[in-house]
Amino acid sequence: MRISDLLKRDTIILNMSANDKASAIDELVKNLDKAGRLNNAADYKKAILAREEQSTTGLGEGIAIPHAKSEAVKTPAIAFGRSESGLDYEALDGQPTHLFFMIAASAGANEAHLATLSRLSTFLMDEAFREALLKAQSEEDIIAAIDKKEQEQLEKEAAEKAPAKDGYDILAVTGCPTGIAHTFMAADALKDEAKKQGLTIKVETNGSGGVKDQLTPDEIKNAQAIIVAASTKVEMDRFSGKKVIEVPVTDGIRRPKELVEQAKSGNAPVYKGTGEASGSEKNQEKGKKGGSFYKHLMNGVSNMLPFVVGGGILIALSFLIDIDLNNEFAQMLMDIGGGTAFALMIPVLSAFIAMSIADRPGFAAGMVGGLIAFNGEAGFLGGLIAGFLGGYIALLVKKLLAGMPQSLAGITTILLYPVLNIFFTGMIMLLFVTPLSAINNGLESWLGGMGTTNMMLLGIILGGMMAIDMGGPINKAAFTFGIAMIDAGNFGPHAAVMAGGMVPPLGIALATTFFKRKFTKQEQEAGKTNYILGASFITEGAIPFAAADPGRVIPSAVVGAAVAGGLTALFGIGLPAPHGGIFVVGLVSGGWFMYLLAIIVGAIVTATMLGIWKKKTV
């Protein structure tokens, strides 16, 4: 679908009469209604105003995109308005607004409609395109300028997707445990770098919405090399016999140039399909093995997260309704969240760690070992051990049975593998569970008996860890520890974890707002999104800034996050919800205001350090 399918001559106003925000909205709504695009103009206007109450749609650079998705829309449409003198639309940059695109999406708008509307937003970031709209003399000129820009974009996208005659030069796969930010940041970085080096590339993303742009057998066959920048499980056997570069997903973001150059040169080990590489590249082999523990762990953590987040927030809500659980509905929430979702956490963690190590044969062994750890009160430590134990026992059993006759292959897979894997893993875990339970209970007692000073030190450490690699192994270690403490009924550590994770993007957002001369225009625009990412506890929003200037950004982020973590401990804050950022702040114990204060102070520290430390942009 093209933008010109939604924007027509009868929804274009070349010279708006409006002189302020309210009259501009009125004029555009009336235009859509007069053109027959609305069922109910009053209801649609209410939807527009409701959106404006959330935050202004005056984006700055002279642009506003008021929009709403409503049943009051008869036909998806776009109204365009232009004010030559400009008017105050409460734009983010405080400057007058000249160009208005009012987007009317129907309640049942399909993916094609939404993709088209999204494309328009990206076009308006192009200064030359905005200038063409300002100079247009007629409705036809407006539509022609949009068509031209859209055609250029479609051709660009087609060129990026179209392989050479014999396929793509290189392929890549990106994936991170949560599939929210790292996955797509790494994909974009690799695409941009390949383009700079004159190479064709296709990137498969393993995000939260599943696998997108999956690599085909023919593409794999014809590629010179494959970059796997992932910190979660990726199907690797399909790359057997190909030159493969395996790195954590953060490397795809931070050093795409080096990875693409390595793929281009062919200096990469050949993947055998067994997890081993050939050749003399010892440093690469060493790096690959070094990252395997983290990859297995993150496969468990990423699959456990839905149980943690869903169950944790339900538990928190049950406490919010009635701390003593005398209320029937509160008890139901606790039964679902704590009695079921949290009960599955450790077995799921163990099962997917084992599956990452040994594929399907390890899954059942890990699940059973994890359940033994849970029932024996061995906690997360027991779950981690059960996962790795189940996985490596499955590999050992597979190796011991490798000499079985081919005629018994079926019975080996169906009968011997599950019986032996579960038996050995279960027996060992039954021996381990008592001492592991003692260690787990000792850790909980130690944390529970900590004084204010010691708790502050722990908060400082956990907060700082969240900002060191912003989604990497250190960040995830702190996050996993926080979840373990929630499971144990100690809500203090995770309050420090979430505060520390929110500070880096929030601090950067503040810095780009109040120290504009220290950041490029592009960084200032990217900084705005970090308000949302930080408030949502998505630390990864700070990564592009850290990658561009690690020497200044990372220390500033770590100090601010550590301050926030320490303050949460000083204020005695507890957080029973494992995720959610500002949206679960009402669930904290110890006072939501003091928790917000800790986060704000940490963000201000980061912003101030960056503002002082960074050099002015030219």
Side-chain angles (χ1 to χ4, degrees), residues 156-157 159-161 163-164 167-207 211-215 219-220 223-232 234 236 239 242-269 271 281 283-284 287-288 290-291 294-295 298 468-473 475 508 520 522-523 525-526 529-530 533 538-554:
K156 178 183 176 183
E157 291 174 359
E160 289 176 350
K161 289 186 177 181
Y168 295 91
D169 295 325
I170 58 176
L171 302 175
V173 180
T174 62
C176 62
T178 53
I180 295 173
H182 281 70
T183 301
F184 304 102
M185 290 176 178
D188 289 342
L190 291 170
K191 287 177 184 178
D192 291 343
E193 185 56 42
K195 184 179 179 181
K196 289 178 185 176
Q197 298 192 30
L199 301 173
T200 57
I201 185 173
K202 178 179 178 181
V203 184
E204 172 186 300
T205 54
N206 290 251
V211 176
K212 300 291 176 63
D213 296 323
Q214 189 166 22
L215 306 181
E219 289 166 350
I220 295 169
Q224 298 173 20
I226 299 157
I227 301 168
V228 178
S231 298
T232 188
V234 171
M236 294 296 295
F239 303 140
K242 299 296 297 184
K243 292 185 176 182
V244 177
I245 303 164
E246 286 190 80
V247 295
V249 67
T250 50
D251 281 15
I253 300 168
R254 293 177 178 174
R255 54 188 194 94
K257 182 177 180 181
E258 182 183 334
L259 296 176
V260 172
E261 286 177 347
Q262 184 181 351
K264 184 178 180 180
S265 69
N267 182 25
Y271 189 79
E281 300 87 343
N283 60 323
Q284 292 174 355
K288 178 180 170 183
Y294 174 66
K295 184 178 290 188
M298 286 302 101
I468 290 174
D469 54 359
M470 303 176 192
N475 171 287
I508 287 170
T520 65
Q522 184 178 3
E523 286 174 331
E525 291 298 323
T529 65
N530 271 356
L533 295 175
I538 300 175
T539 318
E540 290 88 341
I543 286 178
F545 293 86
D549 190 5
R552 294 181 179 87
V553 173
I554 292 176

### Task
Evaluate the side-chain contact (heavy atoms from CB on, under 4.5 Å) criterion for residues V228 and Y271: first the C-alpha distance (whole Å), next the side-chain angles of each, then the deciding distance (0.1 Å), finally the verdict.
CA-CA 11 Å; V228 178; Y271 189 79; over 6 Å; no

Which atom pair, heavy atoms only, marks the closest approach of [X] to [Y]?
X    : Y    : result
N206 : V173 : ND2-CG1, 3.3 Å
D169 : L199 : OD2-CA, 3.3 Å
G252 : A189 : O-CB, 3.4 Å
A542 : I508 : CB-CD1, 3.5 Å
A268 : I245 : CB-CG1, 3.6 Å
K243 : Q224 : CB-O, 4.1 Å

Evaluate the side-chain proximity of [Y] to [X]: yes if any heavy-atom separation is below 4.5 Å, no if none is.
X    : Y    : answer
F545 : N530 : yes
I201 : Y168 : no
D213 : V203 : no

From [X] atom [atom1] to [Y] atom [atom2], the distance as rounded to the nearest 0.5 Å:
X    : Y    : atom1 : atom2 : result
K264 : L259 : NZ    : CG    : 14.5 Å
E246 : I226 : CD    : CD1   : 10.5 Å
I170 : T200 : CD1   : OG1   : 8.0 Å
I220 : E204 : CD1   : CD    : 7.5 Å

### Task
Not counting sequence neighbours, which residues clear side-chain contact (heavy atoms from CB on, under 4.5 Å) with K196? List them please.
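Counting only residues at least two positions away or on another chain, K196 forms a side-chain contact (heavy atoms from CB on, under 4.5 Å) with E193.
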
### Task
Apply side-chain hydrogen bond (donor to acceptor under 3.5 Å, both in side chains) to R255 and list each qualifying residue two or more places apart in sequence or on a separate chain.
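R255: side-chain hydrogen bond (donor to acceptor under 3.5 Å, both in side chains) contacts with D251, E258.
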
### K242 side chain vs A223 backbone, donor-acceptor pair below 3.5 Å
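Side chain of K242 to backbone of A223: a pair is present.
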
